[in-house]
Amino acid sequence: MTVVDMREEVKLGNRTIFSTHLRSLIQDRLEKKQQVMLFLNRRGFAGFVSCRSCGHVFKCPHCDVSMTEHFSGKPNAKLSCHYCGYEIMRPMVCPECQSKMIAGFGLGTQKVEEYVKSVFPEARVLRMDTDTTKNKDAHEKLLGQFANGEADILVGTQMIVKGHDFKNVTLVGVLMADISMYEADYRAGERALQILSQAAGRAGRGEKPGEVVFQTYRPEHYSVVQAASQDYTAFYEEEMVYRELGDYPPASHMMAMLVTASDEKRGEALAIDVTKIAGEEKNINKEAGLRIIGPAKASIGKVNDIYRFVVYCKSADYERLISVKNRVEQYLAGKELKQEAVQFDFNPIDSY
């Protein structure tokens, strides 16, 4: 396994998506008639389109997220929302300042595929992502083509690194290995290690030895270091320090209370009330070590015109969180909620 510091590549004038090392290895595998997998770690990261003149970002009118560009550079280019499916044709001018300086940010599998074909025109390339696997059996068809040697390079997201066994794959390149570390989630480091380890496991599955290249702008991050060395014990010891400092599972227990409402002000008011009720529980037994965070807008503040607020409660005592939930439910039972709701999630897998 090799970790490439992309900061050094930039200093040397290389501003492409491939480091010099990875590019030479891909060329070597093509000459040897061996296969390559290029994994784009997209979790927690989405490309967006904005105006370079005034900074306006094109967002979905129904969800609090930026829209993603598809078929970039083509007449039928579209902007779409990955939460509700809303689509529009890519605007030619900015609605705020009428500028034509509109461009996309971010790196997607489609751009990687196009770049690979331009650098290695002799290579047969397959792309595997949500766009190319929409149709029935498309997933199995693409994997079958690659397994049968009908392609030299497979470009894809998480779906290409989970459990597949290709004997002729001797090189795996992980582009932007550190992207998922920027997630607003306390499990970001753990998930980064998992996905990097899964990607690395796709190389050298047969008799031929395999190589793995992690391209990253943070080679010193412990998730990258321990994934490259496969020292999971060292990762656990360092990760647990952060979990204990922040009272995060498994060092402590956590309950998320998600408040949803069709009216933003009513939703915010309910979230404040729920937080106060949880705080009353805290006053009953201060020795319980109950911590309350919020209320705040969820990381995705609106989905399908529904506003979302979140309150987090942390305690080493799981029963204390159960007690908080019961008190809040008792409070809610006495209110006439119309288009508001509260969901409880104990030790949530995903952040809100």
- Message: Taking Gly189's backbone N and O only, do any of them form a donor-acceptor pair with Ser223's side chain (distance below 3.5 Å, no angle check)?
- Response: yes
- Message: Nearest 0.5 Å, please: how far is CG in Leu321 from CZ in Phe346?
- Response: 6.0 Å
- Message: When you group the ILVMFWY residues by side-chain heavy-atom contacts below 4.5 Å and let the links chain together, are Val174 and Phe235 in the same group?
- Response: no
- Given side chains that start at C-beta, do those of Phe309 and Glu264 come closer than 4.5 Å, heavy atoms only? yes
- Just wondering, are more than 12 heavy atoms of other shown residues or ligands nearer than 6.0 Å to CD in Gln339? no
- Item | Polar side-chain atom of Ser252 near backbone of Pro249 as donor-acceptor pair, under 3.5 Å | no
- Go through Lys276 and Ile272 one step at a time and tell me if the side chain to side chain contact (heavy atoms under 4.5 Å, CB included) criterion holds. CA-CA 6 Å; Lys276 289 179 180 178; Ile272 293 173; 3.8 Å; yes
- Note on the structure: Here the pair of heavy atoms bringing Val225 nearest to Glu220 is CG2-O, 3.8 Å
- Query: How far does CG of Leu154 sit from CG of Asp152, to the nearest 0.5 angstrom?
  - Reply: 11.0 Å
- Could you tell me the separation between the CG atom of Leu171 and the CG atom of Asn168, rounded to the nearest 0.5 Å? 11.5 Å
- Query: Taking all atoms of both residues into account, what is the closest heavy-atom pair of Tyr86 and Cys60, and its distance?
  - Reply: CB-SG, 4.1 Å
- Note: Leu196 and Phe214 closest approach over all heavy atoms is O-CZ, 3.8 Å
- Do Leu337 and Val259 belong to the same hydrophobic cluster, where Ile, Leu, Val, Met, Phe, Trp and Tyr are linked whenever their side-chain heavy atoms lie under 4.5 Å apart, directly or via other members? yes
- Same hydrophobic cluster for Val10 and Val119, using side-chain heavy-atom links shorter than 4.5 Å among ILVMFWY? yes
- Task: Determine whether Val213 and Val125 fall in the same hydrophobic cluster, where Ile, Leu, Val, Met, Phe, Trp and Tyr are linked whenever their side-chain heavy atoms lie under 4.5 Å apart.
- Result: yes
- Task: Report yes or no: does Gln215 contribute a side-chain atom to a donor-acceptor pair with the main-chain N or O of Phe18 at less than 3.5 Å?
- Result: no
- Pairs meeting criterion ring-ring contact (aromatic ring centres under 6.0 Å, His included) with involvement of residues 244-279, two or more places apart: Tyr186-Tyr248, His253-Tyr318
- Separation between CG (Leu270) and CD (Glu340), nearest 0.5 Å, reads 6.0 Å
Listed pairs under 3.5 Å, donor-acceptor, residues 139-148 side chains, sequence neighbours left out:
unit_1	atom_1	unit_2	atom_2	d
Asn148	ND2	Gly144	O	3.0

- Look up atom CD in Glu268 and atom NZ in Lys297, then write down how far apart they are to the nearest 0.5 Å. 8.0 Å
- Message: If you define the side chain from C-beta out and look only at heavy atoms, does anything of Leu193 sit under 4.5 Å from Glu190?
- Response: no
- Message: Contact between Pro219 and Arg7 at the side-chain level, heavy atoms closer than 4.5 Å - yes or no?
- Response: yes
- May I ask you to test the Arg218-Val224 pair for a side-chain heavy-atom distance under 4.5 Å? no
- Flag, side chain of Asp129 to backbone of Thr132, donor-acceptor distance under 3.5 Å: yes
- Asn304 versus His62, side-chain donor and acceptor atoms under 3.5 Å: no
- Task: Applying side chain to side chain contact (heavy atoms under 4.5 Å, CB included), run through Ile26 and Val116 and close with a yes or a no.
- Result: CA-CA 10 Å; Ile26 294 174; Val116 170; over 6 Å; no
- Answer whether the closest heavy-atom distance between the side chains of Val324 and Ile277 falls below 4.5 Å. no
- Glu122, CD: over 12 other non-hydrogen atoms inside 6.0 angstrom: yes
- Query: Does the Asp263 side chain pair with the main chain of Arg266, one donor and one acceptor, at a distance under 3.5 Å?
  - Reply: yes
- Query: Is there a side-chain contact between Leu25 and Glu211, using heavy atoms and a 4.5 Å cut-off?
  - Reply: yes
- Message: Donor-acceptor pair, distance only, cut-off 3.5 Å: does the side chain of Lys314 make one with the backbone of Gly246?
- Response: yes
- Note on the structure: Applying side-chain contact (heavy atoms from CB on, under 4.5 Å) to Thr260 and not counting sequence neighbours gives Leu258, Ile306, Arg308, Ala341
- Message: According to salt bridge (Lys or Arg N to Asp or Glu O under 4.0 Å), who are the partners of Glu239, at least two apart in sequence or on a separate chain?
- Response: Arg243
- Check for a donor-acceptor pair, side chain of Arg90 on one end and backbone N or O of Ile102 on the other, with a separation under 3.5 Å. yes
- Message: I'd like to know if Lys117 and Glu114 make a salt bridge, using a cut-off of under 4.0 Å between side-chain N and carboxylate O.
- Response: no
- Task: State plainly whether one hydrophobic cluster holds both Tyr222 and Met1, where clusters connect Ile, Leu, Val, Met, Phe, Trp and Tyr through side-chain heavy atoms under 4.5 angstrom apart.
- Result: no
- Message: Any non-hydrogen side-chain atom of Ser197 less than 4.5 Å from a side-chain atom of Gln230?
- Response: no
- Note on the structure: Applying side-chain hydrogen bond (donor to acceptor under 3.5 Å, both in side chains) to Ser99 and not counting sequence neighbours gives none
- Message: Please give me the minimum heavy-atom distance between Val57 and Ser50, naming the atom from each residue.
- Response: CG2-CB, 3.9 Å
- Message: Can you give me the closest heavy-atom contact between Pro91 and Leu79, atom names plus distance?
- Response: CD-CD1, 3.6 Å
- Note on the structure: Residues Val342 and Met257: closest non-hydrogen pair is CG1-CB, 4.4 Å
- Query: What is the distance from atom OG1 of Thr157 to atom CZ of Phe39, rounded to the nearest 0.5 Å?
  - Reply: 7.5 Å
- Message: Could you tell me if the side chain of Cys97 sits less than 4.5 Å from the side chain of His56, heavy atoms only?
- Response: no
- Working for side chain to side chain contact (heavy atoms under 4.5 Å, CB included), residues Arg291 and Tyr312: CA-CA 8 Å; Arg291 291 178 60 185; Tyr312 288 105; over 6 Å; no
- Query: With the threshold set at 4.0 Å, does a side-chain nitrogen-carboxylate oxygen contact exist between Glu96 and Lys59?
  - Reply: no
- Query: Does Lys32 have any salt bridge (Lys or Arg N to Asp or Glu O under 4.0 Å) partners at least two apart in sequence or in another chain, and if so, which?
  - Reply: Asp28
- Would you say the side-chain atoms of Thr275 pair up with the backbone N or O of Ala271, donor to acceptor, closer than 3.5 Å? yes
